[in-house]
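The model shown is predicted, which means the values in this text are computed figures rather than measured ones. The analysis underlying the following values was restricted to heavy atoms, covering all of them including side chains, and did not include hydrogens, waters or symmetry mates. Here is the naming used below: chain letters follow the sequence lines, and residue numbers restart at 1 for every chain.
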There are 2 protein chains.
Amino acid sequence: MTVSRAFKRDSSVSRETRDAVLRASEDLGYVFDSTAASLRSQRTDFVAVTIPSLNNANFADTVRALSEGLSARGLQILLGYTNYDIHEEERLIEQLLRRRPEAIVVTGGKHTDRARQLLRNAGIPVIETWDWPDEPLGHVVGFSNAQSVREMVDHFVTAGYRRIAFIGGDDDRDTRGVERRAGFIAAMKAHGLDASRLIAAGAPPISMREGADAMGRLLDSAPDTEAVICVSDLPAFGALSECQRRSIRVPDQMAIGGFGDYEIGAVCVPSLTTINAFAYDIGRKAAELILAIRDGKPNVDAPARIVIHPELILRQSSR
Amino acid sequence: MTVSRAFKRDSSVSRETRDAVLRASEDLGYVFDSTAASLRSQRTDFVAVTIPSLNNANFADTVRALSEGLSARGLQILLGYTNYDIHEEERLIEQLLRRRPEAIVVTGGKHTDRARQLLRNAGIPVIETWDWPDEPLGHVVGFSNAQSVREMVDHFVTAGYRRIAFIGGDDDRDTRGVERRAGFIAAMKAHGLDASRLIAAGAPPISMREGADAMGRLLDSAPDTEAVICVSDLPAFGALSECQRRSIRVPDQMAIGGFGDYEIGAVCVPSLTTINAFAYDIGRKAAELILAIRDGKPNVDAPARIVIHPELILRQSSR
DNA sequence: ACACGAAATGTTATCGATAACATAAACAGC
DNA sequence: GCTGTTTATGTTATCGATAACATTTCGTGT
């Protein structure tokens, strides 16, 4: 017991005893066993996190913020990777819950029925992010992807663009991408414009290369297009590069809008008009929420609805 | 026991019994407790992985490959994030080892003495990656960063460039960056060239923005520079963008080389000469090694030395 | 019907830290 | 010195799945 107390800096163990214990541990090569501690104390200090893809600077920012916020309080992130597939997500959630995390942060608000069931029964805080679900499972730190893109369309129309295309994924696996496309279509129709210039660029996540290819096809099939909105900055940059290869001037002959405010959009020439979804803030606020619930703050009984307000950033790739 | 066996698909439990158990579990909302299983069986199915930064497509590729390779066999990755600091790495390794992972994959070959001690005493396979350590702790899946950059310098010199600069970090935290700079200096000296054009771009990881700033300072202070080699493709792209802003033609007036073969280098205009370090392969081979050791393959008694051969990729940003 | 081996199910003790409780040591005050 | 209180250390049972071993059930051959 004294060893146990010494390791968790319990005040009731004297300074000398603690130092002696730690010194002896070092000599013996003893390493504390969190597995046993977790089993007995029923506290694992794990927080489970699912993201669609590791190779995405936006999600990586969210995870970084979570990691920074939680590790300061001794919480470890258990990261899983759904590959933009809600069935894969279901399997993953089941695996993760077996580790008895103290909270779970999921990306998106669309899940299989069984995944919803598992999350609801888990008895731990559930936080949905990067989305604004109709029927949240618990807490939410997110925003409406459709609404964000609608604002960009509104801006483009106000700036005088009429023949606007959308470059996105070619299946419905990326639910945030689907939402963004839906927002594009709704906004175009609201303006009485043709919303049929939809270019399928590939399976999510859409890469720069796929964005470039899609732009090539768009230019071939509908050369009178005046502007294009992309599901993220990565295909947007690819589209920009294709314009450069074809000596099409941006924004004079073609305006381009992205999503996510990736670093590349700020640095490239011309820089990219985009939407900043505050990926880091999403993770930071989710971490703060988890810690607040853990500390039993009285005002966290009701599920939190933390709204992120994505910001339209106007840069050189559009008028 | 029957429940336990049913859950791990033990052949000695009959099909009907197993189905009945699983059905009942679903009804009751039972979730298997991996913590207890880990404690008793002394198998956690965790593999610990430390990387400097999550927000780096190269390391993300390595982790993705590890994740894909290991999850197929039921192994979960426990990811930690050192922020390019070996003291942070030490703390992280200590935390991770408490979870009793079955193997640990670390990025880099430089560690604190205590970290080395902890890793050696852990009694699990240790794999160092992305480096070629003088005194490996165990297994290695990596390459010499210095040697890779030396080859790029050799190519640049052969192509006729003489006044070549290097853009890298301004401290020694990123040990791979330090190695690359050392390779640059050694190669320049071997050619009898001036190796003093070293531009410090900031703290690692060096961003595109910092690469652009560094290029600006280089152009101001040493306008006769003919070529620049960057510690990664991200500052290399930033440098390229700065040249575009200043209407400096690449590669005619300035050649640029990067490192890492990030997607952006292949897509941007002009595309970037770079070095492909096969990030995904590093993770894949590390995963294969872990599985082979786990299966007790007879030929894995000696520590593995798996050499990755980074490939110089010549593109439009250099002659 | 019986024996016998294989298949299926059951019992008990255990992994290692810790909650809950018990006790000992140290330090007051009078 | 004695009592009361604080501070420090010790004991025991426990978390839940499973290794090792034990027992029962089942199928087959005779």
Side-chain angles (χ1 to χ4, degrees), chain A residues 1-46 48 73-76 78 94-103 118 121-124 294-296, chain B residues 1-46 48 73-76 78 94-103 118 121-124 294-296:
Chain A
M1 270 318 292
T2 299
V3 172
S4 175
R5 283 192 262 254
F7 264 86
K8 61 153 82 118
R9 309 198 162 341
D10 188 311
S11 58
S12 76
V13 60
S14 75
R15 161 154 238 85
E16 308 135 22
T17 314
R18 188 168 72 101
D19 290 348
V21 167
L22 296 182
R23 215 170 326 109
S25 302
E26 205 71 21
D27 291 348
L28 296 165
Y30 165 81
V31 176
F32 184 93
D33 190 327
S34 297
T35 305
S38 295
L39 177 60
R40 172 67 239 233
S41 67
Q42 301 289 69
R43 304 185 336 122
T44 57
D45 292 342
F46 274 137
R73 294 278 293 276
L75 294 170
Q76 251 278 335
L78 255 186
E94 184 164 19
Q95 288 302 315
L96 291 172
L97 290 179
R98 291 180 168 196
R99 304 279 187 185
R100 295 288 187 273
E102 306 193 14
L118 288 168
N121 290 347
I124 55 174
R294 209 154 183 268
D295 294 341
Chain B
M1 270 315 295
T2 300
V3 173
S4 175
R5 284 191 262 253
F7 265 86
K8 61 155 81 120
R9 311 197 162 340
D10 188 310
S11 59
S12 75
V13 61
S14 75
R15 161 155 238 82
E16 308 136 21
T17 313
R18 189 168 72 101
D19 291 347
V21 167
L22 296 182
R23 216 169 326 109
S25 301
E26 205 71 23
D27 292 348
L28 294 165
Y30 165 82
V31 176
F32 184 92
D33 189 328
S34 297
T35 306
S38 296
L39 177 61
R40 173 67 239 236
S41 67
Q42 302 290 70
R43 305 186 335 123
T44 57
D45 292 342
F46 274 137
R73 293 278 293 275
L75 294 171
Q76 249 279 334
L78 254 186
E94 184 165 19
Q95 288 302 313
L96 292 172
L97 290 179
R98 291 180 168 196
R99 304 279 188 186
R100 296 287 187 276
E102 305 192 16
L118 287 167
N121 290 347
I124 55 173
R294 208 150 183 271
D295 294 341

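With rounding to whole Å, A:Asp45 atom CG is found 10 Å from C:dT18 atom P. The distance between atom CZ of A:Arg99 and atom P of D:dA17, rounded to the nearest whole Å, is 14 Å. Computed from coordinates, the A:Leu39 CG to C:dT14 C1' distance equals 12 Å when rounded to whole Å. What separates CG of B:Asp33 from C1' of C:dC15 is a distance of 13 Å, to the nearest Å. Distance A:Arg15 CZ to D:dT7 C1': 16 Å, rounded to the nearest Å.
Using a 4.5 Å heavy-atom threshold, the side chains of B:Arg99 and A:Asp45 count as touching. Taking the side chain as every heavy atom from C-beta outward, A:Thr35 and B:Arg40 never approach each other to under 4.5 Å.
Residue A:Leu39 holds its CG atom at 12.5 Å from OG of A:Ser34, rounded to the nearest 0.5 Å. In this structure, the separation between CZ on A:Arg43 and CD on A:Glu102 is 6.0 Å, given to the nearest 0.5 Å. Taken from CG in B:Leu96 to CG in B:Leu118, the straight-line distance is 11.0 Å, to the nearest 0.5 Å.
In the set D:dA17, D:dT18, C:dT9, C:dT9 carries the atom at the smallest distance from any side-chain atom of B:Val13. Checking C:dA17, C:dT18, D:dA17 against the side-chain heavy atoms of B:Tyr30 singles out D:dA17 as nearest.
Both the sub-6.0 Å distance and the 45° axial angle are not jointly satisfied by A:Arg100 relative to the ring of B:Phe32. Geometrically, B:Arg98 does not engage A:Phe7 in a cation-pi contact defined by less than 6.0 Å to the ring centre and at most 45° from the axis.
In this structure, B:Gln42 does not reach the D:dT18 phosphate: none of its side-chain N or O atoms is under 4.0 Å from OP1 or OP2. Of the side-chain N and O atoms in A:Thr2, none sit less than 4.0 angstrom from OP1 or OP2 of D:dT9. Residue A:Ser14 has no polar side-chain atom (N or O) positioned under 4.0 Å from OP1 or OP2 of D:dA8. Remark: B:Ser38 is not in phosphate contact with D:dA17, judged by side-chain N or O atoms under 4.0 Å from OP1 or OP2.
Nucleic acid contact for B:Phe32: sugar-phosphate only, since backbone atoms but no base atoms lie under 4.0 Å from a heavy atom of the residue. Residue contacts for B:Thr17: at a heavy-atom cut-off of 4.0 Å it reaches the sugar-phosphate backbone alone, with no base atom in range.
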Identify all pairs in which a protein N or O lies below 3.5 Å from an N or O of nucleotides 19-24 of chain D, and state each distance.
from   : atom 1 : to      : atom 2 : distance (Å)
D:dA19 : O4'    : B:Arg40 : NH2    : 3.3

